[in-house]
Amino acid sequence: MAASASTHAQLIQASWARCREHGLAPHGAPDFDCLTPVQLNALLERQHALLRVTRDEVMPQYSHLLGNSSYLVMLADAAGCLLQTWGTQRFVEPRQQHGFCPGACWREQGVGTNALGTALICGEAIHVSQDEHFLRQNRYMASAAAPLFDAERGLIGVLDVASDGYLPAAQTLGLVRMMSQSLENRLILARHADQLHQLLFNSGPDNLDSSWAGLLLFDEHGRVLAANHRADSLLGRVPLQHNLEQLFQIPLREILAQAEGQPFALQATGRNRLHCQWHAPRKPRTGQRSGNCDPRVEKALAQAGLLLEKDIPVLVQGETGVGKEVFVQALHRASSRAQQPLVAVNCAAIPAELVESELFGYDKGAFTGAHHKGNPGLIRKAHLGILFLDEIGDMPLATQARLLRVLQSRSIQPLGSAEPVAVDIRVVSASNRDLAVQVRDGSFRQDLYYRIAGLSLTLPALRERSDKRQLIEQLHARYCEAGQPQQLTAQVMEVLLNHPWPGNLRQLSSVLQVALALAGTAAISIEHLPQGFAEPHSGPSESCALPGNAPATGSLVELLRSANGNLSSLARSLGISRTTLYKRLREQGVEPAHSSLVRHR
């Protein structure tokens, strides 16, 4: 629903007040506080899923709108840092071109009132016209932005549509709302549709396939585990963790008795009749434990399950992409709290200035710009369930202190509240960093480390797993579509088995999806794999290891010297990106930008 004029004015006034508190002056220049190349590469790696879905699934839907207009679409993370832009930059002031490149940050404290940064603060879609920008240098443009939330209502980013100001505000605001809703839906489906049933519903039978349809994803018991914001509006409540029988006053078996994919009518409790259709999971839910599973993963699951039931915190460590989140999801399903929420918190994705309010919540009116209904916080949402603190090594030290108090007292005190709130949670943490090293260098609290690491587990890298063949087959089957060969050829399987997989399961998933897309209805062949993928590797599994598993220093240096300093050639031969190669070289003490070994192509 569009905000009223007075409400919009209040949002702009509150933003201008914050700008003055930050020490900004209207005649000042915007500070985009651009990330360094190393920081940007790390950010893009972390936000790969968000960027891929936006670029490959959402933007093609709207390319016809962008081709003949002055629109510029900007995607940023939850800290306001640009990930990518699409469209025209013709209207951008030349002196501000750097502010529209990936890595530029659009937070209010640096750029003043702007749709992207202000939407992150107020938590809702907003249009900022030319004269509503606090800094005069920004008044050549107008833009609308909408925050992006995941299925658990966690803030994950923002989508912005900017223009030269001559396009109608209502049109721009409507476009960004439509695009953000489409993106949220696709992110939810990408994460849950393989394992959960879907229920789409709307006020009419002809718009069930639109972005504005309500979307619920529920398990075999009818419990709603994910939902979009449109579902909240249509049902008049937040449906997460409710049962379908509570929401619609009808047994689950009667809903599933309807023909899959065909419209039917349901009466929401206390509200109008809705038109619905349901879809079965794309892939059946399967247990993580099987006779072919790697024994180390089996043992880790068994040990973690025993300790979690005793309320002993578990710390899961391992290289990037080894499947820490999948491991925790399996742990949750096998626990006595399987019917209670699993709330995942990406500690690296929440901006430092918002981390406390997102984790601990706040009462209404707790601070300027706070949502008028307040926010319970992610920790309170995990009450009776499991709290998963992913990338906990990136949590600010000040927040670590508050988290320690929560884990000790099992209660939280929301910002602006004088009353503590008791929480019953089990805690699982994860990190691809060596937290013991961070404790020694002072970037992670020792007392918090001992609190979260009742049991510390390290998941094996893909290259080390004994069930590598089964994992390849399972992922191939997951992404294989109707009409495509269901088996990999022996030649391709051999190449996949021998690859070092520096990106682990995440890289394997990406490679298989790309190969299947390129192969079409034919069987995947070597030519469908990334360039250089099938070439022989010299000690790849060691040279691409993370520091905790690194071999003698210099292995990558020797490979680089053998490649005559050609970074592109070496990256292709290892089957990794240049970004990953840069990262591995720096971990071995080589700075690519200054090394005499390096030759760029």
Side-chain angles (χ1 to χ4, degrees), residues 49-50 52-53 56-58 61 148-154 156 178-269 271 273-286 325-326 329 332-333 338-339 341-342 344 477-482 513:
L50 174 61
R52 183 194 63 78
V53 173
D56 299 343
E57 300 185 29
V58 175
Q61 289 184 299
L148 302 168
F149 299 92
D150 60 18
E152 290 77 32
R153 302 299 191 266
I156 58 172
M178 185 166 54
M179 294 178 71
S180 64
Q181 185 63 71
S182 175
L183 178 53
E184 285 187 5
N185 290 349
R186 289 174 181 274
L187 289 168
I188 292 172
L189 291 173
R191 180 175 174 186
H192 295 286
D194 282 355
Q195 303 291 336
L196 301 177
H197 296 76
Q198 302 171 43
L199 184 70
L200 292 163
F201 56 99
N202 217 328
S203 54
D206 299 326
N207 52 7
L208 291 175
D209 59 350
S210 77
S211 301
W212 295 109
L215 173 64
L216 302 179
L217 288 103
F218 59 95
D219 63 16
E220 60 271 23
H221 305 292
R223 185 167 60 102
V224 177
L225 300 181
N228 66 2
H229 278 79
R230 176 63 171 163
D232 301 359
S233 174
L234 288 168
L235 295 174
R237 66 168 93 177
V238 177
L240 291 176
Q241 303 306 321
H242 286 80
N243 197 283
L244 288 186
E245 296 187 7
Q246 296 174 300
L247 298 172
F248 298 105
Q249 298 295 301
I250 183 174
L252 175 62
R253 63 177 181 276
E254 293 189 24
I255 294 178
L256 299 182
Q258 303 292 328
E260 183 179 356
Q262 297 300 313
F264 61 96
L266 278 181
Q267 183 77 35
T269 304
R271 299 182 72 84
R273 190 172 75 157
L274 298 170
H275 296 269
C276 313
Q277 63 179 224
W278 75 276
H279 299 275
R282 293 194 293 228
K283 299 291 180 184
R285 180 181 291 246
T286 57
E325 184 173 0
V326 174
Q329 289 170 351
H332 174 247
R333 289 197 297 269
Q339 301 306 312
L342 169 64
R478 173 183 297 180
Y479 299 122
C480 211
E481 298 180 354
Q513 289 181 74

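Values reported hereafter were calculated over all heavy atoms of this structure, with side chains retained and with hydrogens, waters and symmetry mates removed. Keep in mind that what you see is a predicted model, and the values were worked out from it rather than measured.
- Across Q198 and A193, no two heavy atoms sit closer than the pair NE2-CB, 3.7 Å.
- Residues that satisfy the side-chain hydrogen bond (donor to acceptor under 3.5 Å, both in side chains) test with Q277, not counting sequence neighbours, are H279.
- Applying the side-chain hydrogen bond (donor to acceptor under 3.5 Å, both in side chains) test to D232 and every residue at least two apart in sequence or in another chain returns R153.
- Taking CG of L216 as the start and CG of L225 as the end, the distance is 10.5 Å to the nearest 0.5 Å.
- Here the side chains of Q181 and N228 are in contact, with some heavy-atom distance below 4.5 Å.
- Closest non-hydrogen pair, A268 versus L274, comes out as CB-CD1, 4.0 Å.
- Proximity of S203 to H275: side-chain heavy atoms (C-beta onward) are nowhere separated by under 4.5 Å.
- In this structure, the separation between CD1 on I188 and CG on L196 is 11.5 Å, given to the nearest 0.5 Å.
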Inset, instruction - Kindly indicate, with the supporting measurements, whether the criterion side-chain contact (heavy atoms from CB on, under 4.5 Å) is fulfilled by L199 and L217. - result: CA-CA 6 Å; L199 184 70; L217 288 103; over 6 Å; no

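- Scanning for side-chain hydrogen bond (donor to acceptor under 3.5 Å, both in side chains) contacts around Q241 gives R223, with sequence neighbours left out.
- Nearest heavy-atom pair across S182 and V58 is OG-CG2, 4.2 Å.
- Between the side chain of N243 and the backbone N or O of Q246 there is no donor-acceptor pair closer than 3.5 Å.
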Inset, instruction - Show your working on side-chain contact (heavy atoms from CB on, under 4.5 Å) between R333 and Q195 and close with a plain yes or no. - result: CA-CA 12 Å; R333 289 197 297 269; Q195 303 291 336; 5.6 Å; no

Legend entry - Worked verdict on Q329 versus L342 for side-chain contact (heavy atoms from CB on, under 4.5 Å): CA-CA 8 Å; Q329 289 170 351; L342 169 64; 4.0 Å; yes

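- Of the inter-residue distances, the one linking F201 atom CZ with L266 atom CG reads 9.5 Å to the nearest 0.5 angstrom.
- When every heavy atom of N202 is checked against every heavy atom of A213, the shortest pair comes out as ND2-CA, 3.3 Å.
- For the pair L244/I250, no side-chain contact is recorded, criterion being any heavy-atom separation below 4.5 Å from C-beta on.
- Residues satisfying the salt bridge (Lys or Arg N to Asp or Glu O under 4.0 Å) criterion with R52, sequence neighbours excluded, are E57.
- Rounding to the nearest 0.5 angstrom, the gap separating the CZ atom in R186 from the CG atom in D56 is 10.5 Å.
- Of all the heavy atoms in S180 and L148, the pair that sits closest is CB-CD2, 3.7 Å.
- Here ring pair (Phe, Tyr, Trp, His ring centres under 6.0 Å) pairs that include residues 214-262, with residues two or more places apart or in two chains, are F149-H229, H197-F218.
- One finds the CD atom of E220 at 9.5 Å from the CG atom of L252 (value rounded to the nearest 0.5 Å).
- Residues P239 and V224 come closest through the heavy atom pair O-CB, 3.5 Å.
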Legend entry - Verdict with supporting geometry, L200 and C276, side-chain contact (heavy atoms from CB on, under 4.5 Å): CA-CA 5 Å; L200 292 163; C276 313; over 6 Å; no

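- Taking CG from L187 and CD1 from I156, the interatomic distance works out to 5.0 Å, rounded to the nearest 0.5 Å.
- The side-chain hydrogen bond (donor to acceptor under 3.5 Å, both in side chains) test applied to Q258 returns no partner, not counting sequence neighbours.
- R230 and N185 share no side-chain donor-acceptor pair at under 3.5 Å.
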